[in-house]
Amino acid sequence: MTEPTPKRKNVSWRVGELQEHEKINRWIDEQSNIQLSLASLVLHMIDRFGYRNITDHDIQKILYQEPLLNGMQSLPLSQLPAINAIPDPQPAVMTAEKIATAATTPLQESNTPEEEKDEDDPDDPLLQQINPKSF
């Protein structure tokens with residue numbers, strides 16, 4: 001019978017020996033609480049891949065292909081639109097003035113150029129493939 005692994009209280013990490021130690025140090029410097037930041041990363045990986053070795057080939061393949069599949073390629077986080085487009089907080093309740101304006105302003109329908117096309121265009125190749133007797 002194998003002995004259970006003892007619970008760790010500390011883990012040491014020799015950042016200076018890593019190939020991209022400058023990037024790693026810069027990221028570490030930006031964290032307000034490195035213990036919580038690392039724990040958050042580890043818990044995210046556990047949620048995604050379980051208790052497997054993160055350096056396993058199939059996991060590395062997924063991690064390196066995801067940005068390409070999502071169309072982000074190698075953009076820095078600061079260049080992603082979602083990061084810079086955090087909306088201003090909006091009030092949860094409309095003021096009486098806004099409610100009155102909304103009630104008196106009729107809704108206008110807007111047609112996109114695609115909607116403005118005649119839907120029953122006889123020259124449409126898709127419509128030509130439909131047999132009207134099948135309805």
Side-chain angles (χ1 to χ4, degrees):
M1 196 156 100
T2 60
E3 271 188 46
T5 306
K7 292 184 181 181
R8 289 181 184 83
K9 292 185 179 185
N10 293 311
V11 176
S12 64
W13 185 20
R14 293 186 182 106
V15 177
E17 296 176 7
L18 299 172
Q19 190 174 21
E20 297 194 43
H21 66 316
E22 289 177 14
K23 280 185 176 180
I24 294 170
N25 272 315
R26 184 174 172 196
W27 181 85
I28 291 170
D29 291 342
E30 293 296 321
Q31 307 310 304
S32 60
N33 184 329
I34 191 62
Q35 180 179 352
L36 291 177
S37 297
L38 290 173
S40 177
L41 289 171
V42 169
L43 292 172
H44 178 71
M45 290 295 110
I46 291 169
D47 287 345
R48 293 214 41 216
F49 303 110
Y51 295 94
R52 295 192 45 210
N53 185 341
I54 198 71
T55 61
D56 285 351
H57 177 72
D58 58 329
I59 294 176
Q60 288 293 303
K61 187 175 179 180
I62 292 169
L63 291 173
Y64 283 101
Q65 286 180 348
E66 279 178 347
L68 297 174
L69 296 174
N70 292 334
M72 294 185 300
Q73 297 172 350
S74 61
L75 287 176
L77 201 55
S78 60
Q79 291 182 7
L80 296 176
I83 299 301
N84 297 323
I86 298 171
D88 293 331
Q90 298 295 321
V93 185
M94 293 178 71
T95 63
E97 183 179 309
K98 287 184 182 179
I99 292 172
T101 305
T104 58
T105 306
L107 294 176
Q108 295 178 352
E109 292 185 15
S110 64
N111 291 334
T112 62
E114 293 176 9
E115 293 174 345
E116 290 174 3
K117 285 194 234 174
D118 185 10
E119 290 182 15
D120 296 329
D121 183 11
D123 297 330
D124 187 351
L126 287 175
L127 289 176
Q128 291 175 0
Q129 295 175 13
I130 299 174
N131 182 355
K133 294 179 182 178
S134 64
F135 294 107

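In what follows, residues are counted from 1 in the order of the sequence shown. All values below were derived from every heavy atom in this structure, side-chain atoms included, with hydrogens, water molecules and symmetry-related copies excluded.
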If you count heavy atoms of other groups shown closer than 6.0 angstrom to CD of Glu22, is the number above 12?
no

Side chains of [X] and [Y], heavy atoms from C-beta outward: is any pair under 4.5 Å?
X	Y	result
Ile59	Met45	no
Trp27	Gln31	yes
Leu63	Arg48	yes

Rounded distance (nearest 0.5 Å) linking atom [atom1] of [X] with atom [atom2] of [Y]:
X	Y	atom1	atom2	result
Glu20	Asn25	CD	CG	12.0 Å
His21	Glu17	NE2	CD	10.5 Å
Ile54	Arg52	CD1	CZ	9.0 Å

Which atom names give the shortest non-hydrogen contact between Gln60 and Thr55, and what distance separates them?
CG-O, 3.8 Å

Test of understanding: clusters of I, L, V, M, F, W, Y form through side-chain heavy atoms closer than 4.5 Å, transitively. Do Ile34 and Leu41 belong to the same one?
yes

Checking Ser37 side chain against Asn33 main chain: does a donor-acceptor pair fall under 3.5 Å?
yes

Could you walk me through whether Trp13 and Leu38 pass the side-chain contact (heavy atoms from CB on, under 4.5 Å) check?
CA-CA 12 Å; Trp13 185 20; Leu38 290 173; 4.2 Å; yes

